[in-house]
Structure formats: structure tokens, C-alpha cells
Protein chains: 2
Amino acid sequence: MTDANGAAYGDGAAAAAGDGTSADAGSAPADVFARRPKRADARRNYEKLLSAAREAFAEAGVSASLEDIARRARVGIGTLYRHFPTRQDLFESVYVDEVEALCRAADELAGLPPWDALAGWLRRFVSYAATKRAIAEALNHDSPVFATCRKAIDAAGRPLLRRAQESGDARPDASFDDVLRLVGGVTMYPFADPAQLERVLTMALDGIRVRRPPG
Amino acid sequence: MTDANGAAYGDGAAAAAGDGTSADAGSAPADVFARRPKRADARRNYEKLLSAAREAFAEAGVSASLEDIARRARVGIGTLYRHFPTRQDLFESVYVDEVEALCRAADELAGLPPWDALAGWLRRFVSYAATKRAIAEALNHDSPVFATCRKAIDAAGRPLLRRAQESGDARPDASFDDVLRLVGGVTMYPFADPAQLERVLTMALDGIRVRRPPG
DNA sequence: TTGCAAACGGAGGCAACCCTCCGTATGGTG
DNA sequence: CACCATACGGAGGGTTGCCTCCGTTTGCAA
């Protein structure tokens, strides 16, 4: 954690990912990782650990105790370590789950009009970012898993932005990265009042939209 | 940290703070806290600890080791505990420093046109938020110090927003809280590229501005 | 210069966490 | 049903951080 180069959503450099392919490219990387165990009991414990970890990280932040996670999952500490030898492994697995869901969402929104599709996906992104919040700072940004996830998100969301830009709805000078930063930042702290989240999100989306003469 | 009610910039409820008073209200609360020690050596160590803490929190996050902070400050661990009996005390002291600077900035910008003053202050707020980032999640939101700081920020920034709204520059449906959320979120993760920060910040400010017919 | 209140430093007891190791339990296959 | 590869649990040793306590040092006022 001393490196302090927290390039949250990437640096905007690695653009050429799922370039030409349309929005359904998001489903492709889903099976690149996901190394679930085979035996029934092992698989059960694996899932229990994963959701306990998601919970614990959301609650206590990055430094949630691994022993506590095992306790929540009602599983021995040894079992935790067998499935996830390092803390990083646990982060990554939780993170990957979230990314997969996000990519799936892009597919489902592909049928809508350009701006609605983008806005809808960004709304979904907000809830992803909320989960990610805690994990993000601890993620090892050099890990191949992280890189793959970045590409998957790109492949899922970038076409939505481009489409909205081509239709004249989204401002052309905004990069995909810029947009994620703006929208993702909004939920860095949890909102007590969902109505406020809605207001703030609207402002953010307005900042992304092209300014049209009213009427 | 189990409470998980991270109401980041307040909930927008406590509106009536430094109401009628103009922008210079920001300087008032500066001496409400700031309980500096008297003896020369004590004062010296106090300052050394404070800046060591600021450094450590920025680098290692909330859970920076207190022993490490003492080490950085080249001071015995006992000295740290005498000045700051609890971890909270240390957070608060660092935080208060930052808030004071932010309030001073509001005074300095008071002469500019409404929108420029608001935008300028929000830019300043961004760098405050960056420092605050690590500390924020650990701040005890019930502490009187925190409440005082909230009021000070309100007193400093709210008039700027109102002025910009009255002049027709800022959208009238945005609360002060909404604005801080939006702008503050932007820097939740540090930017590697300052140009990107500028782009994203511009989008955020555009989201706050009233949409005028172009030309 | 002297005296003492104020401040200093860090040893050490305690708690929490990390991770390994190994004896035990069990799913699933032949 | 019997076997064994696979998986389980948790005791325990090592590390680190928290915080208190107390003998020593130091600023400063008389």
C-alpha cells in the first residue's frame, strides 16, 4: 500500500480492447477466470467464503480480518487459506464476480436508445463502484486478473459511450475513463438518502450530456 | 467502523448554520478548537506529530500504525499518546487543519463574480477532499469537532452557492450537499494525469451549472 | 542557579491477526 | 461397501500494534 499509484479506473491508455465488436463482447471474458472447486462441500464453502468476504470488505474496509471472514462463513481458518492463499486472491475473486455482473448488464441494455443505454449502464456502474470502493485501493493493479477485468469493462461500456456520442447525446470530448471517474466518484461514500443519490447522479449525467438549446 | 453510516458530507439536514452573515463567516470557528500546548518542546513535538500523521494517513490510509507515526516524528510513543490520547484525536486534529485552510479560501474568493467564486472554491475543495479521503471514513461523525467543521464548511461555501444560484448561474435544484458530493467524489481516487482531473472537474461543474441556450 | 511542574521515551503486558501444519472427516467412484 | 483423494478445522508459534506506567530529562519562573 506504499506504492500509492491508485490508478482507479485505468489511465485511459489501453483503449484498443474489444474494438469493433458490438456490445455483446461483454460476455466473452466471463469464463477466463472463475476457477470454482469441484467437490460439493468445497464448492459450498467457496461460495460461503466469497459472500462473507464481500460483506466484510464492505463493512470494515480493506483491512477486514481474515479470521473474521472465516468466522462469518462458519468455516475454519484453514479452509479459507486453502481456497484463497493470499488476501489478494480473495479481493480478486470478489471483484471478478462484480465485474461479470456489470458486463452482463451492458448486454441487456443494448436494445435501448443510445443515451438511455449509456445512462442505464452508468446507473448500474454506480452500484458496482459502491462494492468496489473498499476493494479498489487494495487491488494489485498489476495483476493479470485486474487487467482482464479492465478490458471486460471497457468492452462492455465503451461502445455505449461511443454510440451516445455518435448520436449527439454525449459530449464528444469525454473519454470513457473520464466518464467512469465522474460517475464512480459519486458513490465513494454511501448515501443515506436514495433521493439524494438520484439528484447527484442526474447532475453527473448532465455534465456528460451535450448542451442543447432548451425546447 | 462497524456502524457503516458514512454520511460523508452531512445529510443536508442541518441547513441553518451561519445564515445571514456573508462569506467572511468562515474565519470565525478557527479558534474554537486548536488547543496547542504551551511549553516549547511540547509544542514542537505536537507539530511534528501532526505532520507525520498527515503523511502517514495519506500513504497508508486510516489504519496507519500509531507507532509508525511516532517513529516518523522521531518521538517516543508515549509522547504521541500524551498529545493524542486516542486515534480519533489525531484524525480530528489533522482534519481541523484542513478545514481551516478551506474556510480561508472562501474569504479570498469572495470578491470574484458569483460563478467564478463558486467554481474556484470547489476547485479548492477538491484538494481538501483528497487529503480528507483517507481520514473521512474513520472520522467519528458524532464528535462535536466534526459537527463544528461541518458548520464551518457550510458557512464558508453555502453563500457562494446561493450567490451563484441567485445570479442564475447555478441550477436552483442543487443543494449545497449535493454539490459537495458530486465534486468531492471526483477525487476519491488520485489522478495520475492532472489534465484528466481538469476534464472531469469541468464535467462536474457543467452538471452544476444552469443550462443556457448557446450563444 | 535552583526547583519543580511539565514533558519525554520506551519497556513490557496484552490482544489481535497472520499463516502453517497435521490429524480427522467426507464426497464420490469403482 | 470400501477406499482414498480431497477437503475440513483449529491449535499454536510468530509478528505487529495498542496502550500504560514510570524513571529520566527539560523548559522556565523565581
Side-chain angles (χ1 to χ4, degrees), chain A residues 1-2 34-94 134-135 137-140, chain B residues 1-3 34-94 134-135 137-140 143:
Chain A
M1 205 157 298
T2 323
R35 193 78 64 67
R36 250 76 173 184
K38 324 110 223 305
R39 233 175 76 169
D41 54 347
R43 195 185 180 88
R44 210 162 36 235
N45 284 335
Y46 181 92
E47 301 297 345
K48 281 200 286 185
L49 280 166
L50 217 53
S51 77
R54 194 190 331 277
E55 225 179 84
F57 289 146
E59 242 171 66
V62 182
S63 47
S65 144
L66 297 188
E67 251 150 14
D68 178 56
I69 290 174
R71 228 172 293 135
R72 279 174 196 251
R74 300 178 164 286
V75 142
I77 184 67
T79 300
L80 184 150
Y81 276 97
R82 197 169 330 97
H83 285 301
F84 308 99
T86 75
R87 180 176 280 264
Q88 271 290 317
D89 291 323
L90 200 46
F91 287 147
E92 290 185 353
S93 300
V94 171
I135 303 177
E137 48 190 272
L139 264 180
N140 174 9
Chain B
M1 203 160 298
T2 321
D3 63 2
R35 194 79 63 70
R36 249 76 173 186
K38 330 109 222 303
R39 234 175 76 169
D41 53 348
R43 194 185 179 89
R44 209 162 37 235
N45 284 336
Y46 182 93
E47 301 297 345
K48 280 200 287 185
L49 280 167
L50 216 52
S51 76
R54 195 192 326 278
E55 227 179 83
F57 289 145
E59 244 170 64
V62 182
S63 48
S65 146
L66 298 187
E67 251 148 13
D68 178 57
I69 291 174
R71 230 172 291 133
R72 280 175 196 250
R74 300 179 164 284
V75 143
I77 184 67
T79 299
L80 184 149
Y81 275 98
R82 197 168 329 97
H83 286 301
F84 308 100
T86 76
R87 179 177 282 264
Q88 271 290 318
D89 290 324
L90 202 44
F91 286 146
E92 291 185 351
S93 301
V94 171
I135 302 177
E137 49 189 272
L139 265 181
N140 174 10
S143 102

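Within every chain, numbering begins at 1; the chains are lettered A, B, ... in the order of the sequence lines, protein sequences first and strands thereafter.
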Expressed as a whole number of angstroms, how long is the span from [X]:[atom1] to [N]:[atom2]?
X	N	atom1	atom2	result
B:L80	C:dA7	CG	C1'	14 Å
B:R74	C:dA7	CZ	P	23 Å
A:K48	D:dG9	NZ	C1'	12 Å
A:H83	D:dT6	NE2	C1'	10 Å
A:R43	D:dC8	CZ	C1'	18 Å

* To do: Can you sort out the partners of A:R44 under salt bridge (Lys or Arg N to Asp or Glu O under 4.0 Å), two or more places apart, ordered by chain and number?
  =>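 Once residues adjacent in sequence are excluded, A:R44 has no partner under the salt bridge (Lys or Arg N to Asp or Glu O under 4.0 Å) criterion.
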
* Report the residues that fulfil salt bridge (Lys or Arg N to Asp or Glu O under 4.0 Å) with A:R39, sequence neighbours left out, ordered by chain and then residue number. =>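 With sequence neighbours excluded, A:R39 shows a salt bridge (Lys or Arg N to Asp or Glu O under 4.0 Å) to A:D41, given in chain and number order.
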
Would you tabulate the pairs of protein nitrogen or oxygen atoms and nucleotide nitrogen or oxygen atoms of nucleotides 16-20 of chain D closer than 3.5 angstrom?
{"from": "D:dC18", "atom 1": "OP1", "to": "B:R87", "atom 2": "NH2", "distance (Å)": "2.5"}
{"from": "D:dC18", "atom 1": "OP2", "to": "B:L66", "atom 2": "N", "distance (Å)": "3.0"}
{"from": "D:dC18", "atom 1": "N4", "to": "B:E67", "atom 2": "OE2", "distance (Å)": "3.4"}
{"from": "D:dC19", "atom 1": "OP2", "to": "B:Y81", "atom 2": "OH", "distance (Å)": "3.0"}
{"from": "D:dC19", "atom 1": "N4", "to": "B:E67", "atom 2": "OE2", "distance (Å)": "3.1"}

Please write out each protein N/O paired with an N/O of nucleotides 25-30 of chain C under 3.5 Å, distance rounded to 0.1 Å.
{"from": "C:dG28", "atom 1": "OP1", "to": "A:A40", "atom 2": "N", "distance (Å)": "3.4"}

* Difference in axis direction between the ends of the helix from C:dT1-D:dA30 to C:dG30-D:dC1, five pairs, 10° ->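 For the helix from C:dT1-D:dA30 to C:dG30-D:dC1, the axes at opposite ends meet at about 10°.
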
side-chain contact (heavy atoms from CB on, under 4.5 Å) partners of [X], counting only residues at least two apart:
X	result
B:S63	A:S63
A:R71	A:E67, A:D68
B:S51	none
B:A53	B:F57, B:I69, B:L90, B:V94

* Does any pair with a residue in residues 46-58 of chain B pass salt bridge (Lys or Arg N to Asp or Glu O under 4.0 Å), and if so which ones, sequence neighbours excluded? ->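 Residue pairs with at least one partner in residues 46-58 of chain B: B:R36-B:E47, B:R54-B:D97, B:R54-B:E98, B:E55-B:R72.
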
* With sequence neighbours excluded, give me every salt bridge (Lys or Arg N to Asp or Glu O under 4.0 Å) pair touching residues 74-88 of chain A. =>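 Passing the test, one end in residues 74-88 of chain A: no pairs.
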
* What are the two closest heavy atoms between B:A70 and B:L80, and how far apart are they? ->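 Nearest pair, atom of B:A70 first, then B:L80: N-CD1, 3.9 Å.
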
* Does a nitrogen or oxygen in the side chain of B:N45 sit under 4.0 Å from OP1 or OP2 of C:dA7? ->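 Result: no.
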
* With respect to the phosphate group of D:dA7, does any side-chain polar atom (N or O) of A:T79 fall under 4.0 Å of OP1 or OP2? ->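 A:T79 to D:dA7 OP1/OP2: no side-chain N or O under 4.0 Å.
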
* Quick one: list whatever passes ring-ring contact (aromatic ring centres under 6.0 Å, His included) with A:F84, sequence neighbours left out. =>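 Counting only residues at least two positions away or on another chain, A:F84 forms a ring-ring contact (aromatic ring centres under 6.0 Å, His included) with A:Y46.
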
* Is a side-chain N or O of A:D89 found less than 3.5 angstrom from the main chain of A:T86, in a donor-acceptor match? ->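 Checking the backbone N and O of A:T86 against the side chain of A:D89, a donor-acceptor pair under 3.5 Å is found.
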
